[in-house]
Structures are given as C-alpha cells and as structure tokens.
Amino acid sequence: MRLGVLDVGSNTVHLLVVDAHRGGHPTPMHSEKTVLRLAEQLNSRGELTKRGITTLVDAVESATESAERRGCADVMAFATSAVREATNTEEVLATLAERTGVELHVLSGADEAKLTFLAARRWYGWSAGRLLVLDIGGGSLEVAMGIDERPDLAESLPLGAGRITRTRFSDDPPKRSEIVATTAWLDEELSGLAKRIRKLGEPDRVVATSKTFRSLARLTGAAPSSEGPRALRTLTATGLRQLLSFITRMSSDDVAELEGVGSSRAHQLVGGALVAEATMRALSLERLEICPWALREGVILRRLDLSNGEDQTALETGRGRR
C-alpha cells in the first residue's frame with residue numbers, strides 16, 4: 001500500500017510518501033518540503049494571517065496533487081503547534097477543506113509525543129527497555145517515556161526552537177545576556193518535568209528525534225545522512241556544550257553554511273541547541289541516540305495498526321482528500 005503523510009509544522013509543510021503494509025517496514029519513496037514558517041505568520045491577536053492561510057492552501061494543494069501523481073491510496077494530513085495554537089484554527093481548517101478537499105487533523109501536544117514515542121519504540125524494539133524520547137520542534141518540545149508502546153508519560157512544552165528564537169532573542173547572533181537569561185529560564189521551565197521523569201525510574205535508553213537534534217549531532221561529529229538511517233548517531237552533553245560556545249557567536253547566515261544545517265532552520269539552531277542542552281542537563285543525560293523515525297513514521301504505523309488490511313480513508317490521524 002502506498003501512503004502519504006502530510007505534516008503541517010511550524011516551519012514546513014512536509015509530504016512523505018511510503019510503501020507500507022501492516023507488520024512491515026515503511027519504505028520511503030518520496031519526500032518534499034515547502035518552507036512556510038507558519039509560526040511567524042501569526043498576527044498580534046494570534047491569528048494566522050490571510051497571507052499565511054493562502055500560502056498554506058497553496059502548499060497543501062501542491063503536496064496532495066503530488067501524492068496523487070505518485071499513487072497514494074490515502075493521504076493522512078495533520079498539523080502541529082503552529083495551527084494548533086492559532087486563535088483562528090477553525091477558520092484555517094474550514095478554508096483548507098473548502099479549497100483543497102483536505103481535512104487537516106490537529107494533533108494535541110500529548111498526541112505528538114505518543115506518536116513519536118511509538119515510532120521510536122518500533123525502531124528500537126522491546127530490547128530498548130524503558131525508553132525516553134525527546135523531540136524538539138519549531139513550537140514545542142515533546143517528551144515521552146515508558147516501557148510499552150503507549151508511554152507512561154507524554155508531555156508537550158512550549159519550548160520549540162523557533163518559539164525560543166522569536167520570544168527570547170532580539171539580535172542575530174543573540175546577545176550574550178540573552179543567552180545567559182534564556183539558559184536560566186529554561187532550567188526553571190524544565191525543573192517540573194525532571195521531577196516527573198525521575199518518579200518513573202531510570203530510562204534504559206534515551207533517544208532524540210527531529211531535525212534540530214539531527215543537525216546538532218551532525219555538527220558534533222555524527223555520521224552524515226549519506227551513510228543511511230541505520231548508522232549509529234549520538235549527541236553528547238560535552239559535544240553540545242562545545243558546539244554552543246561556537247554557534248552562539250555566529251550569525252544565522254554563517255550557521256547556514258555549516259554542513260548538516262538547512263538554510264530554512266539555521267536561524268533557530270541556537271534556540272534549539274539551548275533547549276537540547278537544558279533538557280539534557282535537567283534530566284542528567286550525558287548521551288543520547290538519534291532515532292531516524294519520528295512523528296510522521298508514528299502516524300504511518302498507527303494507521304497500519306488500525307487497518308484491517310483493506311484501504312481505509314478515515315482514521316483517527318486524519319482523512320486526507322474527501
């Protein structure tokens with residue numbers, strides 16, 4: 001079965017096309033992204049602007065047409081924090097459905113964490129034991145932990161890389177005083193999470209997903225993407241601290257020139273690195289592994305779990321074209 005996943009995030013609209021069947025390994029066949037930075041297109045009232053809605057409609061229409069050309073039996077369309085937090089979410093969804101025929105399912109932060117956890121659990125298997133999964137997006141930080149496929153803890157905190165950049169920094173590169181103040185603020189924001197994690201016991205394996213963590217790992221010496229998804233990639237607290245001392249003095253244009261950093265996210269890499277470093281410090285983590293599967297794969301796996309082996313067009317993760 002060929003499936004499409006349309007991920008409307010804070011930075012991009014990302015279409016992933018896979019060949020998959022229940023009990024099988026989803027095989028990526030096509031991937032395409034459109035950079036929209038929706039989180040930066042909210043007005044003072046928190047509404048996604050008319051221009052933002054128009055660009056979203058165009059991007060979704062283009063992506064679904066691409067999925068149809070590639071023979072997708074179903075397109076599961078979902079949105080995360082940017083659309084979720086807009087004060088005119090219902091207008092955005094209604095306009096999108098009317099103009100494109102796509103019904104966009106808005107995931108809660110907890111659902112994001114659970115689906116990302118499912119993907120990591122399937123990637124590492126039961127031998128991973130109690131698994132702790134971290135994911136830094138544009139708008140939020142997702143954390144999940146548990147020993148089964150459904151985590152015992154699944155939380156979303158408003159500590160995304162883009163959000164930190166927009167709300168905490170005034171210059172590019174950020175002022176030293178902003179770095180110091182943000183670090184202290186993050187420590188305070190994460191203290192409660194650390195207590196809740198400790199109550200669950202020590203994790204047997206700690207993994208991280210998302211472009212932010214992948215970029216940070218690459219910049220600290222992890223294997224490039226050309227070596228494939230099964231190459232072991234890690235991020236250490238020491239390597240991250242050394243990287244931070246370097247990139248906090250660089251402009252986003254210079255950061256974009258570094259290998260492994262996409263130009264569309266370079267402006268928020270410092271913010272993401274500060275969140276990563278503060279999270280590792282709060283949870284006393286010296287090392288974590290980079291998991292190649294994340295939210296999109298979790299959506300696919302849940303879709304297959306709910307399938308009876310026949311094509312279905314309406315699932316809890318969204319219904320795609322009507």
Side-chain angles (χ1 to χ4, degrees), residues 5 7-12 14 16 38-39 76 78-85 105-124 128 130-165 167 186 189-198 200 203 205-217 235 265 268-269 271-283 285 288-302 316-318:
V5 179
D7 177 359
V8 178
S10 297
N11 292 303
T12 63
H14 187 170
L16 174 65
L38 288 181
M76 297 161 286
F78 67 89
T80 54
S81 63
V83 174
R84 181 171 67 233
E85 296 175 8
H105 182 76
V106 181
L107 293 176
S108 69
D111 283 343
E112 280 191 64
K114 291 174 183 176
L115 288 165
T116 302
F117 183 88
L118 173 64
R121 170 59 74 194
R122 294 284 178 88
W123 180 266
Y124 289 104
R130 182 178 288 112
L131 192 63
L132 173 60
V133 180
L134 312 175
D135 187 313
I136 299 174
S140 57
L141 163 70
E142 274 69 52
V143 181
M145 183 171 173
I147 200 164
D148 296 317
E149 289 201 337
R150 291 185 179 273
D152 300 313
L153 176 144
E155 295 193 17
S156 178
L157 292 80
L159 302 176
R163 189 191 304 271
I164 296 299
T165 303
T167 61
L186 285 169
E189 291 294 304
L190 289 164
S191 60
L193 172 67
K195 293 177 182 177
R196 293 189 291 277
I197 290 287
R198 282 194 291 270
L200 297 177
R205 197 162 197 163
V206 183
V207 303
T209 73
S210 77
K211 178 63 174 177
T212 294
F213 274 117
R214 290 198 302 272
S215 295
L216 295 174
L235 177 65
R265 296 175 185 265
Q268 63 184 43
L269 188 67
L274 288 175
V275 173
E277 196 251 352
T279 303
M280 293 181 74
R281 181 170 57 253
L283 303 182
L285 304 175
L288 50 80
E289 294 183 39
I290 305 301
C291 178
W293 280 5
L295 177 58
R296 284 180 290 275
E297 287 78 12
V299 169
I300 293 167
L301 292 166
R302 179 56 51 82
E316 69 177 40
T317 49

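Because only heavy atoms are used, hydrogens play no part in the values below, and waters and symmetry mates are left out as well, while side chains stay in. As the structure is a prediction and not an experimental result, all values here were calculated from the model.
- Residues satisfying the side-chain hydrogen bond (donor to acceptor under 3.5 Å, both in side chains) criterion with Ser81, sequence neighbours excluded, are Ser10.
- The nearest pair of heavy atoms linking Arg130 to Leu200 is NE-O, 3.3 Å.
- For the residue pair Phe117 and Asp148, the shortest heavy atom distance occurs at CE2-O, 3.0 Å.
- Contacts of Trp293 classified as ring-ring contact (aromatic ring centres under 6.0 Å, His included), with partners at least two apart in sequence or in another chain: His25, Trp123.
- Partners of Ala110 under the side-chain contact (heavy atoms from CB on, under 4.5 Å) rule, at least two apart in sequence or in another chain, are Ser108.
- Residue Val106 is tested with Asp111, Val83, Thr80 for a side chain to side chain contact (heavy atoms under 4.5 Å, CB included); the sole match is Val83.
- Listed by first and then second residue, the salt bridge (Lys or Arg N to Asp or Glu O under 4.0 Å) pairs involving residues 288-301 are Asp7-Arg296, Arg205-Glu289 (not counting sequence neighbours).
- Ala208 and Leu288 get closest at one heavy-atom pair: CB-CD1, 3.6 Å.
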*Step by step, would you call Arg302 with Leu118 a side-chain contact (heavy atoms from CB on, under 4.5 Å)?*
CA-CA 8 Å; Arg302 179 56 51 82; Leu118 173 64; 3.7 Å; yes
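- Residues forming a salt bridge (Lys or Arg N to Asp or Glu O under 4.0 Å) with Arg163 (at least two apart in sequence, or on another chain): Glu85.
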*Go through Asn11 and Gln268 one step at a time and tell me if the side-chain contact (heavy atoms from CB on, under 4.5 Å) criterion holds.*
CA-CA 10 Å; Asn11 292 303; Gln268 63 184 43; 3.1 Å; yes
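- We find the CZ-CG distance between Arg198 and Leu193 to be 9.5 Å, quoted to the nearest 0.5 Å.
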_Pair Arg122, Glu149 - check side-chain contact (heavy atoms from CB on, under 4.5 Å), show working._
CA-CA 8 Å; Arg122 294 284 178 88; Glu149 289 201 337; 2.6 Å; yes
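- For the side-chain hydrogen bond (donor to acceptor under 3.5 Å, both in side chains) test, residues two or more places apart in sequence or in another chain that qualify with Thr209 are Asp135.
- Heavy-atom minimum distance, Leu38 versus Gly9: CD1-O, 4.0 Å.
- Closest non-hydrogen pair, Leu269 versus Ser215, comes out as CD1-CB, 4.1 Å.
- Partners of Ala120 according to the side-chain contact (heavy atoms from CB on, under 4.5 Å) rule, which considers only residues two or more places apart in sequence or in another chain, are Leu131, Val133, Val207, Cys291.
- At a threshold of 4.5 Å between non-hydrogen side-chain atoms, the residues Arg84 and Glu112 count as touching.
- Taking both residues in full, the closest heavy atoms of Ala276 and Leu216 are given as CB-CD1, 3.8 Å, listed atom of the first, atom of the second, then distance.
- Between Glu142 and Ser156 there is a side-chain heavy-atom pair separated by less than 4.5 Å.
- Remark: Arg196 pairs with Glu155 by the salt bridge (Lys or Arg N to Asp or Glu O under 4.0 Å) rule, at least two apart or across chains.
- For Arg281, the salt bridge (Lys or Arg N to Asp or Glu O under 4.0 Å) criterion is met by Asp187, Glu277, not counting sequence neighbours.
- Remark: Ala217 pairs with Ala222, Leu235, Ile290 by the side-chain contact (heavy atoms from CB on, under 4.5 Å) rule, at least two apart or across chains.
- Residues satisfying the side-chain hydrogen bond (donor to acceptor under 3.5 Å, both in side chains) criterion with Thr212, sequence neighbours excluded, are absent altogether.
- Partners of Leu283 under the side-chain contact (heavy atoms from CB on, under 4.5 Å) rule, at least two apart in sequence or in another chain, are Leu132, Leu134, Ala194, Ile197, Thr279, Leu285.
- Here the CD1 atom belonging to Ile147 is positioned 7.0 Å from the CZ atom belonging to Arg121, to the nearest 0.5 angstrom.
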